[in-house]
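One-based numbering, in listed order, for ligands and for the atoms of each. Throughout, residue positions are numbered sequentially from 1 according to the sequence presented. Every value quoted in this text rests on a predicted model; they were computed, and no experiment measured them.
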Amino acid sequence: MKVLVLTGAGISAESGISTFRGSDGLWEGHKPQEVATPEAFADNPALVHRFYNDRRRQIQQATVRPNAAHQALALLETALGEDFLLVTQNVDNLHQRAGNSRVIAMHGELLKVRCNETGEIFDWHEDLTEGTPHPNNPLIQKSLRPHIVWFGETPFYLPQIEDAARQADVFISVGTSGTVYPAAGILSQTQSHCRTIEINPFPTPLSPKFDETIRQKASIAVPIVTQQIQDQSIIRG
Ligand code: APR
């Protein structure tokens with residue numbers, strides 16, 4: 001039984017990381033969506049760096065930890081191995097910290113930066129500024145950017161995600177508003193035999209298209225659903 005899980009900001013909300021559209025909070029007077037664009041980076045790189053520096057610091061605070069939903073998905077991966085794939089829109093590292101390794105971070109990762117000139121990707125835990133030197137080539141200047149997919153850019157690994165959607169027997173969408181494509185289109189790439197489940201305390205535009213919608217917080221619903229899947233896969237052998 002192949003299981004594909006898609007997660008969004010809602011799964012990390014209970015770990016203390018605010019969602020995008022749920023919070024009415026502006027960041028320094030800007031909507032986050034307006035800072036997360038290539039145009040914003042070209043116009044005002046210092047502003048965009050500050051935004052991501054704040055977020056990078058936030059996910060490294062001691063209080064930000066994987067919650068029961070992340071942990072349940074790690075257990076499911078252990079049980080299913082290669083029959084499990086996790087696609088996340090989140091740029092935090094909470095799935096990896098919980099123990100998942102079969103993770104596709106389709107919108108990038110806060111704890112990585114990329115060189116615009118060479119395409120190299122570096123692990124990164126510190127603040128980044130325009131003046132931050134390239135880690136191994138001082139001749140390359142002002143080339144580093146957050147390894148994040150901004151609005152208007154193409155998410156990573158789309159062919160692999162589409163393959164996984166077509167092969168899935170179970171598709172679980174957790175904590176995503178279903179408003180940002182192509183992630184929101186993964187549901188429509190699943191085959192008719194695939195059982196589709198949405199976990200979200202609130203309805204989304206995609207809710208009517210799921211076989212089952214569970215109106216619960218991720219930390220409550222994900223452990224229950226993943227346990228059911230493990231029980232079924234044991235019965236089916
Ligand atoms: N458990 C499950 N779902 C929750 C919880 C919770 N405890 N708390 C909130 N939610 C739900 C909200 O109801 C909402 O539908 O999580 C969803 C979060 O939606 P968004 O903030 O829009 O986040 P997401 O869907 O991940 O956004 C997609 O948009 O801003 C870009 O690139 C960014 O990856 C992000 C993408």
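Between Gln89 and ligand 1, an N or O atom pair is found at a separation short of 3.5 Å. Taking distance alone, with nitrogen or oxygen atoms compared against 3.5 Å, Ala9 approaches ligand 1 more closely than that limit. When only interatomic distances are considered, the shortest N/O to N/O separation between Thr204 and ligand 1 does not fall below 3.5 Å. Considering backbone and side-chain N/O of Ala218, one or more are found under 3.5 Å from N/O of ligand 1.
The closest donor-acceptor contact from the side chain of Arg114 to the backbone of Ile121 lies at 3.5 Å or more, if one exists at all. A side-chain donor-acceptor contact under 3.5 Å links Gln60 to the backbone of Arg56.
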Start with the C-alpha gap between Glu77 and Ser101, add the side-chain angles, then the distance that decides, and say whether side-chain hydrogen bond (donor to acceptor under 3.5 Å, both in side chains) holds. CA-CA 8 Å; Glu77 178 178 324; Ser101 57; 2.9 Å; yes
side-chain hydrogen bond (donor to acceptor under 3.5 Å, both in side chains) between Glu14 and Asn67, intermediate numbers included: CA-CA 7 Å; Glu14 293 169 75; Asn67 64 53; 5.1 Å; no
One pair to check against ring pair (Phe, Tyr, Trp, His ring centres under 6.0 Å): His134 and Phe122. What are the steps and the verdict? CA-CA 10 Å; His134 186 284; Phe122 303 99; 5.4 Å; yes
Please lay out, stage by stage, how Thr213 and Glu198 fare under the test side-chain hydrogen bond (donor to acceptor under 3.5 Å, both in side chains). CA-CA 5 Å; Thr213 53; Glu198 178 185 63; 5.2 Å; no
Pair Asp54-Arg57, salt bridge (Lys or Arg N to Asp or Glu O under 4.0 Å): steps then yes or no: CA-CA 5 Å; Asp54 278 359; Arg57 282 191 214 136; 3.8 Å; yes
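Each of Leu73, Thr176, Ile199, Asn200 was compared with Ile11 under the side-chain contact (heavy atoms from CB on, under 4.5 Å) criterion, and only Leu73 meets it.
For atom 20 (P) of ligand 1, the candidate residues are Ala183, Ser177, Ala69; the nearest heavy-atom contact is made by Ser177. Comparing heavy-atom distances from atom 18 (C) of ligand 1 across Gly175, Gly8, Ser12, Pro203 singles out Gly175 as nearest.
Proximity of His107 to ligand 1, defined as any heavy-atom pair under 4.0 Å, is confined to the side chain (atoms from C-beta onward). Residue contacts with ligand 1, taken as heavy atom pairs separated by less than 4.0 Å, involve Glu14 solely via side-chain atoms from C-beta onward. Under 4.0 angstrom from ligand 1, the non-hydrogen atoms of Val180 all belong to its side chain.
Of all atoms in ligand 1, numbered sequentially from 1 with element shown, those under 4.0 Å from a heavy atom of Thr176 are 15 (O), 17 (C), 24 (P), 25 (O). Those atoms of ligand 1 with a heavy atom of Phe202 less than 4.0 angstrom away are 13 (O).
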